[in-house]
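In listed order, ligands and their atoms are each counted from 1.
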Amino acid sequence: MKKIVTKEEPIAKDQLIRLLLTLQEDAVGAITESTESVDTLRLTWLGKNSEFLKLASSMRSVTPEDKQQIGAVLNGVKKSIESALASKQQLTNQQAESTADWFDTTEPGEQPPQGHLHIVTQAIAEITDIFNRLGFTRVRHPEIDWDWYPFEALNMPHSHPASDEWETFYIRYPGSPGKEYKKQKIVLTPHTSNGQVREMEKGVLPIRMINIAKCYRRQIDISHTPMFHQFEGLYVDKNVSIGHLKGVLDYFAKHFFGPDRTTRIRPYHFQFTEPSFEIDISCGICHGKGCKLCKEGWLELGGAGMTHPQVLKNGGVDTTVYNGFAFGWGVERTYMMKSNSNLDDIRLIYGNDIRFLKQF
Ligand code: FA5
């Protein structure tokens, strides 16, 4: 806008009125069309450096007779500019409201976050599938059981030191307190081997079971959790050999871990298998070099062996006709050994951190 007047120049009444009316026209037009904010427009047109204030200050140089008329024009101009600013403000508010309410029905909808199965559930499904292909059927047995099934039925006499290895949680139950409680204990099953004799008690032979369940032990560190899962295989039939056992374990290792992983069998001792073995797999994190998880490059997956005749007898199986093998591995540890899992602390699996679980 052109500069109209300065404070010092004396000014005639008519000229001042003309200038004020021109200013009013310019201001109202500019405010209506401008895309600037109402605050900026207010500063431009009514602020302390505005032409309006300069013209208003020239009131000092007009005659007292003219003052009243010019004052009225001045007020009228100010009101017009303020009213234009108020309309602009109203329009701006309406535009903001209508943008907020605006709803584009053609836009694709926002999908709610979708979850997926927990990694342990995924692992159980995969393990079940591999053993199904070998003719093993998934069965379920109690996860809270009489201590007879995980211990005595498996050839571990009451208070036999072997049962200490399982660091068991015992349960007090109201039905059998005191002395009775001591005789018949209830445990959170420390291993899925409790399912062996329970399966034999069904009286259906041959047996090809895969029992996958929760297990509980008083342990927690980088490779132990107090609650974990095991999968237990049991095969009872005529003329079962170590060769069958080895074949089943190799089939599993090949299909679960892939061809780059190797297994090894070490002689071991379990009360319920004879001979007994410990099965190890090369560590998927360090590939056999040794790391903070495995220490020596190998990770213990679990035990296996030929079923002890006493266990078969405890399950009512005729040992002159039948024999068998069994194995029991940890689901979480087995999953951790997969080369693409990159898990170096078992506790992460149960930390319930959604950011961690989303990765699998
Ligand atoms: C047993 O529990 C035997 N019942 C296995 C067995 C079955 C042997 C049938 C012979 C015949 P062990 O205590 O080693 O064995 O445990 C087996 C596997 O369970 C371990 O190798 C490990 O993979 C897993 N495991 C044991 N304790 C824990 C734990 N606290 N947290 C996570 N995994 C565990």
Side-chain angles (χ1 to χ4, degrees), residues 119-120 123-124 127 131 136 141 143 145 149-151 153-156 162-169 187-200 207 209-236 240 242 244-246 248-249 252-253 256-257 263-281 283-284 293-294 298-308 310-312 315 323-338 343 345-350:
I119 45 181
V120 171
I124 288 175
I127 292 165
F131 284 106
F136 285 74
H141 290 293
E143 292 170 349
D145 208 350
Y149 286 102
F151 298 129
L154 298 178
N155 206 22
M156 282 179 261
S163 61
D164 292 350
E165 283 168 29
W166 278 273
E167 307 212 38
T168 310
F169 289 105
V187 295
L188 299 183
T189 49
H191 58 169
T192 42
S193 300
N194 70 318
Q196 291 191 17
V197 166
R198 281 192 170 274
E199 191 64 23
M200 293 173 201
I207 293 170
M209 77 156 199
I210 189 84
N211 174 29
I212 310 182
K214 292 186 187 75
C215 302
Y216 304 86
R217 297 186 192 182
R218 288 183 295 110
Q219 300 168 333
I220 184 153
D221 58 37
I222 191 168
S223 54
H224 295 86
T225 44
M227 188 286 297
F228 59 101
H229 295 74
Q230 280 186 348
F231 57 104
E232 178 103 3
L234 175 68
Y235 179 38
V236 179
V240 178
I242 295 177
H244 292 129
L245 168 63
K246 184 83 170 55
V248 167
L249 298 184
F252 175 77
F256 193 80
F257 299 108
T263 55
R264 72 175 183 189
I265 286 184
R266 284 181 283 117
Y268 201 69
H269 172 78
F270 291 103
Q271 284 288 115
F272 39 95
T273 45
E274 182 57 41
S276 303
F277 311 107
E278 196 78 278
I279 318 291
D280 297 338
I281 185 148
C283 176
L293 174 69
C294 68
W298 290 93
L299 263 145
E300 172 197 309
L301 279 177
M306 302 306 289
T307 309
H308 196 289
Q310 187 56 49
V311 175
L312 292 168
N323 70 334
F325 67 70
F327 56 89
W329 297 3
V331 171
E332 292 82 355
R333 292 248 206 113
T334 305
Y335 181 82
M336 286 167 78
M337 294 306 96
K338 271 200 176 218
L343 266 174
D345 188 333
I346 194 171
R347 292 165 295 192
L348 289 169
I349 296 178
Y350 295 112

> Mind checking whether Q196 has an N or O less than 3.5 Å away from an N or O of ligand 1?
Replying inline: no

>> Are F131 and F327, when compared by the centres of their aromatic rings, separated by less than 6.0 Å?
In response: yes

> Any idea which atoms of ligand 1 are less than 4.0 Å away from a heavy-atom of I346?
Replying inline: 32 (C)

>> Looking only at distances, can you tell me whether any N or O atom of H191, backbone or side chain, sits closer than 3.5 Å to an N or O atom of ligand 1?
In response: yes

> Hey, is S276 touching ligand 1 through its side chain, its backbone, both or neither, going by heavy atoms under 4.0 Å?
Replying inline: neither

> Counting both backbone and side chain atoms, is some N or O of E232 under 3.5 Å from an N or O of ligand 1?
Replying inline: no

>> For atom 19 (O) of ligand 1, which of the options H269, Q230, M227, M336 provides the nearest non-hydrogen atom?
In response: Q230

> Given Y335, which of I124, L343, I346 fulfils the side-chain contact (heavy atoms from CB on, under 4.5 Å) condition?
Replying inline: L343

> When you look at H191 and F272, which way does the ring-ring contact (aromatic ring centres under 6.0 Å, His included) test go after all the steps?
Replying inline: CA-CA 12 Å; H191 58 169; F272 39 95; 5.7 Å; yes

> Near Q219, which atoms of ligand 1 are under 4.0 Å from a heavy atom of that residue?
Replying inline: 27 (N), 28 (C), 29 (C), 30 (N)

>> Heavy-atom distances under 4.0 Å decide this one: backbone, side chain, both or neither, for F327 against ligand 1?
In response: backbone

>> Counting the benzene-type ring for Trp, do F231 and F252 have ring centres under 6.0 Å apart?
In response: yes

> For the residue pair Q196 and T307, what are the closest heavy atoms and their distance?
Replying inline: OE1-CG2, 4.4 Å

> Taking N or O atoms only and a 3.5 Å limit, does E278 qualify as a polar contact for ligand 1?
Replying inline: no

>> Ignoring hydrogens and geometry beyond distance, is a side-chain donor-acceptor pair present between Q271 and H269 at under 3.5 Å?
In response: yes

> Counting each atom of ligand 1 from 1 as listed, which ones have a heavy atom of G330 under 4.0 Å away?
Replying inline: 18 (C), 19 (O), 23 (O), 24 (C)

> Distance from T168 atom OG1 to R217 atom CZ, nearest 0.5 Å?
Replying inline: 8.0 Å

> Do any nitrogen or oxygen atoms of H224 lie less than 3.5 angstrom from nitrogen or oxygen atoms of ligand 1?
Replying inline: no

> Have H224 and R333 got a donor and an acceptor in their side chains that come within less than 3.5 Å?
Replying inline: yes

> Where the closest heavy atom to atom 15 (O) of ligand 1 is concerned, which of F270, F228, Y216 has it?
Replying inline: F270

> Is ligand 1 less than 4.0 angstrom away from at least one heavy atom of F277?
Replying inline: no

>> Looking only at distances, can you tell me whether any N or O atom of T273, backbone or side chain, sits closer than 3.5 Å to an N or O atom of ligand 1?
In response: no

> Does some side-chain heavy atom of T225 sit less than 4.5 Å from a side-chain heavy atom of R347?
Replying inline: yes

